[in-house]
Amino acid sequence: MKLLYFAWLKTKTGISEEEITPPEDVTTVGALLEWLKARSPGHGDALADLGAVRVAVNHEYADHKDPVSPDDEVALFPPVTGG
Amino acid sequence: MKLLYFAWLKTKTGISEEEITPPEDVTTVGALLEWLKARSPGHGDALADLGAVRVAVNHEYADHKDPVSPDDEVALFPPVTGG
Amino acid sequence: MIRVQEEDFDLGAELAALTRGKTSVGGLAVFVGLVRDMAGGDAVKAMTLEHYPAMTEAMLERIDAEAKQRWPLEDTLIVHRVGRLLPGEQIVLVACTSAHRQAAFDGCQFLIDWLKTKAPFWKLEDGPIGAKWVEARASDDEAAKRWKTKTDAG
Amino acid sequence: MIRVQEEDFDLGAELAALTRGKTSVGGLAVFVGLVRDMAGGDAVKAMTLEHYPAMTEAMLERIDAEAKQRWPLEDTLIVHRVGRLLPGEQIVLVACTSAHRQAAFDGCQFLIDWLKTKAPFWKLEDGPIGAKWVEARASDDEAAKRWKTKTDAG
C-alpha cells in the first residue's frame, strides 16, 4: 500500500510518501489510521486529531468505514485550502 | 421645457429633442404626457401605451404624479435594454 | 470608475489596472457582455446602442456608489460601449475587487443587474427583417429585484 | 479546460481565447484569486501552494464536468498555480462563458466554491513568525453547501 502525506501531515510525520504493509485485518480507512498512529511518534502526533485529517483512496475522498486494500494509494491531508 | 425622446419614442415621434411650452395647468408628468399625445399623430402613436413609456425629469426617473416645471429637462423612453 | 465609449476596450489591460500594486485585493470578479449572433431565434447582423448621456453618467455613478456602500469593495469598474457593434464584440464590462471573494461576486452581479434595469441604454438589433428595438426582459427585472432593500426608493 | 502550473497566467490572453470567434456567447463571468499581503491580522511575506497532482487533476475535471451539467455553459476555464507566490500575484482563475449572464455567473461561483472545498491544494503562509499552514475556513464550507443537490454524494 502506498501512503502519501500532504501539508502539515507531511511536516509532522516527516514523510511525503511511504510503502507500507499493514496487517491483514486492516481493511478499512479507520483501521488503517489507528494502525498508523503507532508507527512512529511523528505519525502519532500527525494523527492525534483524526477530525482534522482527510483521506483519499485512489484519488477519491474516503470515509473511515470505506475499504482499503494492498494495491491502494492512500493520501492523508488536512482540509483543503486552495483557490 | 426641454423634451428628449429615445429609442422607438424618437422613431415614432420623429423627434429627438424639442422645446415646448405646455399650458400652465400642466404641472405633473401625467398631465404633460396627456397633453403631448395631441401634439402630433406621431406623438399620439408614441404615447398610445403609457405603460411602455418611462419618464425622467432632470435625469431622474419620475412617476406620473411627479411635478414638472418650465425649466425641466424631461426625457421619454422605453424600458432600458443596456448591458 | 465609470466610462461610456464607442471604441472597444482591452479587457486584459482594464483588469490589470484594477489590481496592479493592490496587495490588499484577494478577489476580482468580472462580467463581460458580448453581442450574440442570435436573439429570440433571429439572426443578428449588428446592434446599435443608443443612450442618454447626461442621465447615463448620473445613473452609473449612483449604481457604482450604491455597490460600494453595500459591500466592502476595493475598486469597481464599469465600461459600457455605445454605437454600432457586430456579433462577438464586447458591449459592457463590470468588475469589482475586494479582500473577499463573495463581496467581489455580489458587487459584480449587483452592478450588472442594476445597470441593465436602470441605466438609460437601448439596443437596436439589425436582423433579417430590418432594425428592431430590443424589448426589456422580465428576467432582468427579476434579477434586479433580489438586490432591493427596504429603503431602496426605486 | 483545466490547468495547474507554476508560471503566472496572462489574464487578458486567457479570456480572449475563451470568447474569440464564439458569437453564441452573450456573457463571460470571471473570478481571479490573488495573494493578499495580510491574513488574519498578520503580514504575509509569501505563500507556497502545494497540491496532490493526480487527485487535483481528477477533482478539477469532475468539478468542471459538474458545472457543465448543471448550467448551459459554452466553455469553462480553471487555471490554478502552485509553488511560491508573492502578495499581489494571481493564484487562480475560473471563467465561464454562456449565452446567458446568470448561467455564466452561477457556473463561475460554483467552480470556485467547489474548488476551494474539494480540490487538494494547501497554502503555506510565510508570515512574521515563520511558515504556517493555512486553516480551512467555515465560510468556504458554507459557500459550497449552497450548490449541494439531493443526489450529490459529497
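- Contacts of D:Gln102 with chain C are made by side-chain atoms alone, with heavy-atom separations under 4.5 Å and no backbone atom involved.
- The shortest non-hydrogen separation linking D:Val44 to D:Pro87 is O-CG, 3.3 Å.
- Ring planes of C:Trp147 and C:Phe110: perpendicular class, angle over 60° (limits at 30 and 60°).
- Of all the listed residues (D:Ala13, D:Ser24, D:Ser139, D:Ala16), the one sharing the greatest number of non-hydrogen pairs under 4.5 Å with chain C is D:Ser24.
- Closest of all the heavy-atom pairs between C:Ala119 and C:Leu60 is CB-CD2, 3.8 Å.
- The parts of D:Asp113 that come within reach of chain C are both its backbone and its side chain, each placing non-hydrogen atoms under 4.5 angstrom from that chain.
- Note on D:Thr97, D:Val25, D:Leu11: by heavy-atom pairs under 4.5 Å with chain C, the leading option is D:Val25.
- Among D:Ala104, D:Gly27, D:Gly12, the residue with the largest count of heavy-atom pairs under 4.5 Å with chain C is D:Gly27.
- In terms of non-hydrogen atom pairs under 4.5 Å with chain D, the most contact-rich of C:Lys116, C:Lys22, C:Gln109 is C:Gln109.
- If you tally non-hydrogen atom pairs under 4.5 Å between each of C:Ile91, C:Leu15, C:Asp37, C:Asp10 and chain D, the highest count goes to C:Asp37.
- Heavy atoms of other residues, nucleotides or ligands lying less than 6.0 angstrom from CD of C:Gln90 number more than 12.
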Salt bridge (Lys or Arg N to Asp or Glu O under 4.0 Å) between C:Arg70 and C:Asp106, worked out
CA-CA 9 Å; C:Arg70 292 195 191 197; C:Asp106 287 347; over 6 Å; no
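- The choice from D:Glu14, D:Arg36, D:Arg20 that makes the most heavy-atom pairs within less than 4.5 Å of chain C is D:Arg36.
- Taking the charged nitrogens against the carboxylate oxygens, D:Lys68 and D:Asp64 do have a contact shorter than 4.0 Å, which makes a salt bridge.
- Contacts of D:Ala143 with chain C are made by side-chain atoms alone, with heavy-atom separations under 4.5 Å and no backbone atom involved.
- Of the inter-residue distances, the one linking D:Ile78 atom CD1 with D:Met59 atom CE reads 10.5 Å to the nearest 0.5 angstrom.
- For the options D:Ala95, D:Gly33, D:Cys108, heavy-atom pairs under 4.5 Å to chain C are most numerous at D:Cys108.
- Residue-environment remark: CD (C:Glu89) exceeds the threshold of 12 foreign heavy atoms within 6.0 Å.
- With a 4.5 Å cut-off on non-hydrogen atoms, D:Val35 touches chain C through its backbone but not through its side chain.
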